[in-house]
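Please read all numbers here as calculations on a predicted model, not as lab measurements. Sequence positions, counted from 1, serve as the residue numbers for this chain.
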Amino acid sequence: IEYPVDVSYTSDERFKRWKYTSYNFTLAYFSSTYLVKSKERDNNGPTHTGLFNLYLDEFDEQWTTQIEGFDYVIINGGHWFYRPSVFYENHQIVGCHYCLIDNVKDLTKFYGFRKAFRTAFRAINSLENFKGVTFLRTFAPPHFENGLWNDGGNCVRTKPFRSKEIALDGDNLEFYMIQIEEFKRAQKEGRKKGKKYRLMDMTHASLLRPDGHPSRYGHWPNENVTLYNDCVHWCLPGPIDNWNDFLLQMLKMEGIRSHQERLISGGKRMRFKLPPHYELQLIQFFTMEKTLDKTVSIKAFLLTLSLIFVSSIPLSLLKTSHSRFSLPLPFPFPSSSEKKCDVFTGKWVPYPQGPYYSNETCRLIVDQQNCIKFGRPDTEFMKWRWKPHDCELPLFDAAQFLEIVRGKSMAFVGDSVGRNQMESLVCLLAHEAYPLDISRNSSADVNYFKRWFYADYNFTLAAFWSPFLVKSGGAHINGHSINGLISLYLDEPDEAWTNEIEKFDYVIVSVGQWFFRPLLFYEAGRLLGCHICNQNNITSVSKYYAYKMAFRTAFRTLLSLKNYTGMTFLRTFLASHFENGDWDKGGNCPRTKPFTSNEMKLQEFNKEFYWVQVEELREAEEKGKKIGLTFELMNTTEIMWLRPDGHPNGYGHSMIKNASVYDCVHWCLPGPIDTLNEFLLYLMKKDVLLQLKVKLMRNA
C-alpha cells in the first residue's frame, strides 16, 4: 500500500522509526535485549559470548522514556537470557546466571527473566501519560538440533512439525509460563490504573515451525558474510508473517472494545428499542411481580455483554445493515419454562449420533478409562443422552465453555472420580483447544495433582487429589492394591488443596469411595473411634459420621478463606456397580445397557451418602449467601446409578500397573461421565445469566 519514510532520530540501527505519511502513522523499534537497564561487563565471559550486568529493578530508559507517545506497544524478550549475566537489585549483586564469579550465587536465567519482565511491566504501569495498549508477544522457541547455537547446532528441517511430534517443555515451557504469570500480575495491577494489556500468544504456533529459520542462509546486517547457523530469527517472507496476521486480528478486536467503551462512557443514558425476539426473551427473563419497561439501557446491556463475550464476536457482525441490536447472544436467555425445569429429573434416551470425541479427536484419553483402546467390543454405552422430563439439557459447547472461563481458573477437588470428570472435560474441550500440561510447575506428583493451561483463553484447569477432603495419614495413592488402616483428622482440612484453592474461580468438590475403607477418626487431636478397624477398645463410629464431618470441614474452610471468591459445586456421590462380588472379591460390571428407573433402585447406604452431602451443602449455601459466596448442587447420584454399562470393567489399565483391572467405579471416556460436564456448563451459564440479570436491573 505504501512505503514509509525513515524518520529515525539516530543512525543506530537498533532504534528505528518509520513514518507512513498518508496515514499519519509512526512505526518504531526499540532494542532492549533484557528489557531492563543492562551493561556489558566483559565482552568474552565464561562462554565467549559476553558477560552482562542486569539491573533487574531499574528501567531501561531507552524505551521507557519514549513509549508514552505510542498507542500500541508490543513487548517481547527471551533469548539473551541464555547468556552469562550478573544480577543487581538495589545496586547490589544478588546473584547471577553462569557467571562463574566466586561467592556469587547462581540464581539461573529464569530468575533474571522473571524479574526483568516484572520490572518492564512495572515501568509501563508507572507511566501516567501512557494510554495505549500493551501486547505481550510470548516467547518464540529456537529450533537448534545436534548442538547449541555456538556449538554447531543447526535447523535443517523443511516442513512444520505436526502437533504430536513435539511438546512445549524444558526451558521453552519455563520461559513461557514465567511470561504468562508476570503478564497476569501486570494486567491485574494495570487494571487499577486504567492500563490495557493483551496476550499475543505465539509460542505454540512458533514451536511447530522449525523450517522457518535462516539456518546458514543469512548474513550479518553490516557484513557480507554468512553468519552462524541462525535458528532463532525467521526468514522473510516466512512463518513470522503470521504473527502480524494475529496482530491485525487483535487490533480489530481492540477497535470493537474501544467502540463499546465509547458507547458506555458517553455520559448520556441512551435507550433504544430491541428487536421483537430479544424483547420477548428479555421480558421472560425479567418476569417478576411487576411489569418491566420493554426498553433496556444500552449502557447496562452492552457493558455486561461486552465484559463477558466481546472477544468471541466476529468483526463482520458489527457491520450489519440490520437492526441496531442484531448481535446473536452466545447462548439464549432461558424461557420462563426453563427457569422452572429440574434438569436432574429425567431419563436416559438413545442418542444414535454417538459421543463428542474419540481416540482420533482427543489424544489425551488416559489408559485407565480408554475402554475402546483396550478392546471393549460394544459401543452402545456411548450412544445415550440424559433427557430431563420438562426441558432440554443443551449439548456441550466447547466454545461457550471456554468463553465463560476466559481469564479464569477451575479446580476439581477430591478422589480419582473427580479427576475422571476433569479428563472428560479436557477431551470435550479438545474440539476447540488443546491445553499445555504445566503440572510440573506446581507438583512433583503429576498424575494425582494435574494442571492444564489453555493459553488462548488464559484458563487454568486443575485436579487436586484429596480422597477424604480432610487431613489423612496412610492414604496411599496406589489405590485398590492398598487396603491398610487410614487415619482421618476430621476437623483439619487437607492443605494439599486448601492452600491453593483461593486462586480458583470454580471449584468442583466430590469424594466417596474411600470412606468404605478401614478408618481411624480423630477430632481435636484425639482418637474418636474407627470404621471396621477391628481393634479392641476403639469405639465403632459410622462411616457416615466421618463423611458428614469431612464435608463440613471442607465447606467451612471455603467459607473462612479470606480471598476465596469462587463458585463451589458439589457433584454428589457416584455409586459403584460391582456385581457378583466386591471390588476385591471378583466383582465386575458386565452390563451393556442402562437400567430403567424401575429396574434397579439405589441402595440405602448410597442414599445415606447422598443425603449427608446435600445436608452439608445446604448449610454451607445459607452461610455463603451472607458473605457473597455461591454453593451449587450438581445432583447426579440417581442419574449415574442408572448407568452400570459405563464403566471400564476389564477394558482399562491401572495408572500404576500396566494391567487390566475390573473397574466399576470410574467411567469410560467417552461415556456417561461426559454428561456431568453438560450439567456443569448448564449451571455455569445459569450463573452467568443470573449475574447479567442483576447488573441489568441495577443499571435499569
Which label fits Y72 and F135: parallel for a plane angle under 30°, tilted from 30 to 60°, or perpendicular past 60°? tilted
Compute both the distance and the angle, then confirm whether R363 meets the cation-pi test with Y434: under 6.0 Å from the six-membered ring centre, within 45 degrees of the axis. yes
Evaluate the ring planes of F344 and F679, with Trp represented by its six-membered ring, and classify them as parallel (under 30°), tilted (30 to 60°) or perpendicular (over 60°). tilted
Identify the two heavy atoms, one from K195 and one from F130, that lie closest to each other, and give their separation to 0.1 Å. CE-O, 3.5 Å
Hey, are E423 and K450 close enough for a salt bridge, meaning a charged N less than 4.0 Å from a carboxylate O? no
Distance check, rounded to the nearest 0.5 Å: D171 atom CG versus H79 atom NE2? 11.5 Å
We want to know whether D505 and S409 form a side-chain donor-acceptor pair, criterion being a heavy-atom distance below 3.5 angstrom. yes
Exercise: do W243 and S206 side chains pair donor with acceptor under 3.5 Å: yes
Do the charged groups of K623 and E619 touch, with an N to O distance under 4.0 Å? yes
With rounding to the nearest 0.5 Å, note down the distance linking CZ in R118 to CG in D57. 12.0 Å
How far apart are the closest heavy atoms of K184 and N458, and which atoms are they? CD-OD1, 3.4 Å
Can a cation-pi geometry be assigned to K471 and Y489, taking NZ or CZ under 6.0 Å from the six-membered ring centre and within 45° of the ring axis? yes
So F401 and F459, would you call those rings parallel, tilted or perpendicular, with 30° and 60° as cut-offs? perpendicular
Could you check whether any side-chain N or O of K548 sits under 3.5 Å from a backbone N or O of F609, counting only pairs where one atom can act as donor and the other as acceptor? no
Salt bridge flag under 4.0 Å for residues E89 and K115: yes
Polar contact flag, side-chain donor to acceptor under 3.5 angstrom, T637-T572: yes
Whether F117 and F121 hold their rings parallel, tilted or perpendicular, with breakpoints at 30° and 60°: tilted
Quickly, which of R618, E621, Q613 forms a side-chain contact (heavy atoms from CB on, under 4.5 Å) with L633? Name it, please. R618
